[in-house]
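Just so it is clear: chains get the letters A, B, ... in the order the sequence lines come, proteins before strands, and each one is counted from 1.
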Amino acid sequence: MRITTWNVNSVKQRLAHLLAFLAEAQPDVVCLQELKCVDDAFPRTEVEEAGYVVATHGQKAFNGVALLARRPLPLQEIRRGLPGDAADEQARYIEAVIPTATVPVRVASIYLPNGNPVGTPKYDYKLAFMRRLQAHAVSLRAREEVLVLAGDYNVIPEPEDVADPAAWVNDALFLPQTRAAFRSLINEGFTDGLRACDGRPGLYSFWDYQAGCWPRNQGIRIDHLLLSPQALDRLVSASVQKHLRGLEKPSDHVPVTVELDLG
DNA sequence: ATGTCGCGCGCAGCGCGA
């Protein structure tokens, strides 16, 4: 089973690229972030005609996450929103179970807050979201399922995940407190799927539209797939679909994919 | 030093978020 996470930065603007990616890569599960549209505006028909079932958690203008599963796989036990704050109206979390022939797989699509500027309520919200995510991840881990927590974490885990670390030292994506919160989640028993397969520095998933970041390869790695022990046992490979950043009108993020052997 | 998108609103181009 191939599971992909991709921040598309507007699913309506990126529909052609999304359909091309589904056709070429044929992922079994896709976790999308930054839909930037309400549920009714999601291009459901086009994605269904490409062979997928769809569950969305959208919002006007900002945020928005979705899960796709390649038919005949269904999406079950769909959860929209992260527990822990009933007042949180931002659409940043959707989770579902995909019951495969061998073992159920639980997947979440996460759009973790950016958190900039630091020192404002935006950063407090980011840290609070990370605490809520960890609490929920701990409760899910107790199920001992094949579990993949995938998404745009807006966290640069290590200096080797950024081309120019000095430029990011005061940024919400790379602050020590942010990295510590991410490590705390990892330390609950999760594994960074891409890092488990490839230890090389300079594996990036995002290049800013500005300042020629893409041609100069000034990227950062912020899109992650965290695996439960039961998922790690089945991990075969992981990869970054970097070529999509070079298309016309690309997202600023590229897909990241793990392959699991569900035997 | 600077460099970009996509959204809503509303019909130009600004403010916001990233």
Side-chain angles (χ1 to χ4, degrees), chain A residues 5-21 31-44 46-47 56-66 82 88-94 109-130 133 150-157 161-175 177-179 181-182 204-224 241-256:
Chain A
T5 182
W6 191 12
N7 178 324
V8 289
N9 187 18
S10 171
V11 70
K12 288 188 281 185
Q13 292 298 319
R14 224 62 62 202
L15 179 59
H17 288 351
L18 174 61
L19 295 176
F21 173 74
C31 308
L32 300 176
Q33 301 90 37
E34 278 210 89
L35 305 180
K36 294 189 172 180
C37 66
V38 295
D39 292 336
D40 286 347
F42 186 94
R44 174 177 288 274
E46 294 88 338
V47 172
T56 61
H57 183 36
Q59 179 182 341
K60 189 163 91 170
F62 305 115
N63 308 320
V65 287
L82 195 57
D88 185 1
E89 296 186 347
Q90 299 192 33
R92 296 179 174 275
Y93 186 91
I94 188 169
S109 178
I110 302 160
Y111 180 41
L112 210 144
N114 175 294
N116 282 305
V118 172
T120 70
K122 290 178 183 296
Y123 190 63
D124 299 334
Y125 175 67
K126 176 176 192 152
L127 292 179
F129 190 96
M130 293 182 82
L133 178 60
D152 175 0
Y153 278 76
N154 270 312
V155 175
I156 303 167
D161 297 315
V162 49
D164 181 8
W168 291 84
V169 288
N170 295 315
D171 193 281
L173 279 63
F174 195 52
L175 276 186
Q177 199 175 355
T178 304
R179 295 172 56 201
F182 185 75
Y204 305 136
S205 64
F206 169 94
W207 296 260
D208 200 293
Y209 289 124
Q210 299 185 68
C213 283
W214 167 246
R216 296 189 298 124
N217 196 29
Q218 296 284 302
I220 55 177
R221 191 174 72 91
I222 56 175
D223 298 272
H224 309 300
Q241 282 70 58
K242 184 177 178 179
H243 64 285
L244 293 177
R245 187 63 177 80
L247 300 179
E248 286 294 312
K249 302 290 284 182
S251 172
D252 40 9
H253 298 249
V254 295
V256 182

Would you call the rings of A/Phe182 and A/Tyr153 parallel, tilted or perpendicular, taking 30° and 60° as the class edges? perpendicular
Quick check against the 3.5 Å criterion: does A/Lys12 have a side-chain atom that pairs as donor or acceptor with the backbone of A/Cys37? no
Pick the P atom in B/dG3 and in B/dC14, then give their distance to the nearest Å. 15 Å
Reading 5' to 3' through nucleotides 5-18 of chain B, protein heavy-atom contacts under 4.0 Å coded B for base, S for sugar-phosphate only, - for none: SSSSS-------BS
Value rounded to 0.5 Å, distance of NE2 in A/His17 from CG in A/Leu244: 7.5 Å
Toss me the dot-bracket line for DNA chain B: Watson-Crick and G-U wobble, both under 3.5 Å, 5' to 3', using | for pairs to another strand and [ ] for crossers. ...((((((...))))))
I'd like to check the ring pair (Phe, Tyr, Trp, His ring centres under 6.0 Å) partners of A/Phe129; sequence neighbours left out, ordered by chain and number. none
If you measure from the P atom in B/dG10 to the same atom in B/dG6, how many Å do you get, rounded? 22 Å
Short side-chain to backbone donor-acceptor contact, A/Arg92 and A/Leu82, under 3.5 Å: no
A/Gln59 side chain to A/His57 main-chain N or O, any donor-acceptor pair under 3.5 Å? no
Parallel, tilted or perpendicular, as decided by the 30° and 60° cut-offs, for the rings of A/Trp214 and A/Trp207: perpendicular
Nearest-angstrom distance, C1' atom, B/dA1 to B/dA12: 29 Å
Answer yes or no: is there a donor N or O on one side and an acceptor on the other, between the side chain of A/Gln218 and the main chain of A/Cys213, under 3.5 Å? no
